[in-house]
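Below you'll find the structure, written out as structure tokens, and then a few comments.
The basis for the numbers below is simple: all heavy atoms, side chains too, and nothing from hydrogens, waters or symmetry mates.
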Amino acid sequence: MTAAVRKQAETSLSLDNIGFLLAKASQRWNELLYARLSEAGFSEVRPSYGSVLIPLFAEDGLRQGELARRARLSKQTLTTLARALERDGLVERVIDPTDARATLLYLTDRARELEPVAEQIVAGLGARVTETLTDRERMVLQAALREIADLPLS
């Protein structure tokens, strides 16, 4: 494939479009992640929960607004996810004692049980993904994904 043909395929509505490939790669990652979590006894954990759980694993007891910022989610989306996580026994929502308008999220014991299991699963999946890449290719891919995640809306 010539460079011009490859560039056209990557920018047009095709199976080689970068956006399509990113979406499909993310979808496959989530399928693999959910399968491994279910096998490990955590079938209630959806891949989307990682957006909330990972920041809470780093710092428990965050306000919903701060958690939304760290997770790069709208406050409305975060509220919906928080309710699902609470329903599934992974977080507890508590009114902030210093500001009754704010809600704090805390991990439950079940979420704490999940943390080392999820860490092991994610490490294994990461190793599986990168086993075909050189160290240089892996670093370039990570840098490119960070750049894409930080693209401005405008």
Side-chain angles (χ1 to χ4, degrees), residues 13-133 135 137-154:
L13 294 178
S14 74
L15 298 178
D16 288 327
N17 175 274
I18 289 174
F20 181 81
L21 290 171
L22 281 168
K24 293 296 115 185
S26 177
Q27 181 180 17
R28 185 62 179 149
W29 174 270
N30 287 338
E31 290 168 352
L32 294 168
L33 181 58
Y34 183 71
R36 301 300 186 285
L37 288 168
S38 293
E39 291 166 7
F42 291 92
S43 60
E44 75 274 21
V45 179
R46 303 287 178 252
S48 62
Y49 290 2
S51 292
V52 174
L53 291 173
I54 290 173
L56 287 175
F57 289 150
E59 184 179 349
D60 200 10
L62 293 172
R63 283 185 173 189
Q64 279 194 192
E66 175 59 17
L67 190 51
R69 187 189 67 74
R70 292 184 190 189
R72 296 181 178 198
L73 297 171
S74 70
K75 288 180 182 179
Q76 295 83 0
T77 299
L78 191 282
T79 298
T80 300
L81 260 177
R83 286 181 181 144
L85 283 153
E86 186 175 43
R87 179 199 65 221
D88 290 337
L90 298 167
V91 299
E92 180 181 6
R93 294 184 308 150
V94 177
I95 299 298
D96 186 335
T98 64
D99 182 352
R101 298 168 297 169
T103 302
L104 303 171
L105 269 74
Y106 290 94
L107 296 167
T108 63
D109 290 342
R110 178 70 173 159
R112 289 284 175 210
E113 292 171 12
L114 166 67
E115 185 176 6
V117 174
E119 190 172 300
Q120 183 179 22
I121 289 169
V122 169
L125 287 175
R128 186 172 173 200
V129 168
T130 60
E131 69 188 6
T132 61
L133 303 174
D135 286 345
E137 289 169 331
R138 181 186 50 75
M139 290 186 324
V140 168
L141 177 61
Q142 285 174 315
L145 291 172
R146 277 189 215 98
E147 292 275 335
I148 292 167
D150 291 336
L151 283 174
L153 289 176
S154 57

Strictly distance-based, threshold 3.5 Å: is any side-chain N or O of [X] a donor or acceptor partner for the main-chain N or O of [Y]?
{"X": "Asp88", "Y": "Leu90", "value": "no"}
{"X": "Thr130", "Y": "Leu133", "value": "no"}
{"X": "Arg46", "Y": "Ser43", "value": "yes"}

If I take atom [atom1] from residue [X] and atom [atom2] from residue [Y], how far apart are they, to the nearest 0.5 angstrom?
{"X": "Thr108", "Y": "Glu86", "atom1": "OG1", "atom2": "CD", "answer": "10.0 Å"}
{"X": "Asp60", "Y": "Leu53", "atom1": "CG", "atom2": "CG", "answer": "10.0 Å"}
{"X": "Arg69", "Y": "Leu67", "atom1": "CZ", "atom2": "CG", "answer": "10.0 Å"}
{"X": "Gln27", "Y": "Leu32", "atom1": "CD", "atom2": "CG", "answer": "11.0 Å"}
{"X": "Arg138", "Y": "Glu131", "atom1": "CZ", "atom2": "CD", "answer": "13.5 Å"}
{"X": "Glu31", "Y": "Ser26", "atom1": "CD", "atom2": "OG", "answer": "10.0 Å"}

If every non-hydrogen atom of [X] is compared with every non-hydrogen atom of [Y], which pair is closest and at what distance?
{"X": "Gly126", "Y": "Trp29", "value": "N-CH2, 3.7 Å"}
{"X": "Pro55", "Y": "Leu62", "value": "O-CD1, 4.1 Å"}
{"X": "Tyr106", "Y": "Gly61", "value": "CE2-CA, 3.4 Å"}
{"X": "Ser51", "Y": "Leu73", "value": "CB-CD1, 3.9 Å"}
{"X": "Leu56", "Y": "Val91", "value": "CD1-CG1, 3.9 Å"}

Give a yes or no on whether a salt bridge exists between Glu113 and Arg110, defined as a side-chain N under 4.0 angstrom from a carboxylate O.
->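 A salt bridge is present here (some side-chain N lies under 4.0 Å from a carboxylate O).
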
Using atom types as modelled, flag every donor-acceptor pair under 3.5 Å from a side chain in residues 144-154 to any protein atom, sequence neighbours excluded.
{"unit_1": "Asp150", "atom_1": "OD1", "unit_2": "Arg72", "atom_2": "NH1", "d": "2.9"}
{"unit_1": "Asp150", "atom_1": "OD1", "unit_2": "Arg72", "atom_2": "NH2", "d": "2.3"}

Report, one line per pair, each donor and acceptor closer than 3.5 Å where one atom sits in a side chain of residues 95-104; sequence neighbours left out.
{"unit_1": "Asp96", "atom_1": "OD1", "unit_2": "Thr98", "atom_2": "N", "d": "2.8"}
{"unit_1": "Asp96", "atom_1": "OD1", "unit_2": "Thr98", "atom_2": "OG1", "d": "2.7"}
{"unit_1": "Asp96", "atom_1": "OD2", "unit_2": "Arg63", "atom_2": "NE", "d": "2.8"}
{"unit_1": "Asp96", "atom_1": "OD2", "unit_2": "Arg63", "atom_2": "NH2", "d": "2.9"}
{"unit_1": "Asp96", "atom_1": "OD2", "unit_2": "Thr98", "atom_2": "OG1", "d": "3.4"}
{"unit_1": "Asp99", "atom_1": "OD1", "unit_2": "Arg101", "atom_2": "N", "d": "3.0"}
{"unit_1": "Asp99", "atom_1": "OD1", "unit_2": "Arg101", "atom_2": "NE", "d": "3.0"}
{"unit_1": "Asp99", "atom_1": "OD2", "unit_2": "Arg101", "atom_2": "NH2", "d": "3.1"}

Given side chains that start at C-beta, do those of Arg93 and Arg83 come closer than 4.5 Å, heavy atoms only?
-> yes

Close side-chain approach of Glu59 to Glu66, heavy-atom, < 4.5 Å |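 No, their side chains stay 4.5 Å or more apart.
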
Distance-only criterion, 3.5 Å: show the donor-acceptor pairs between side-chain atoms of residues 114-122 and protein atoms not counting sequence neighbours.
{"unit_1": "Glu115", "atom_1": "OE1", "unit_2": "Arg112", "atom_2": "NH1", "d": "2.9"}

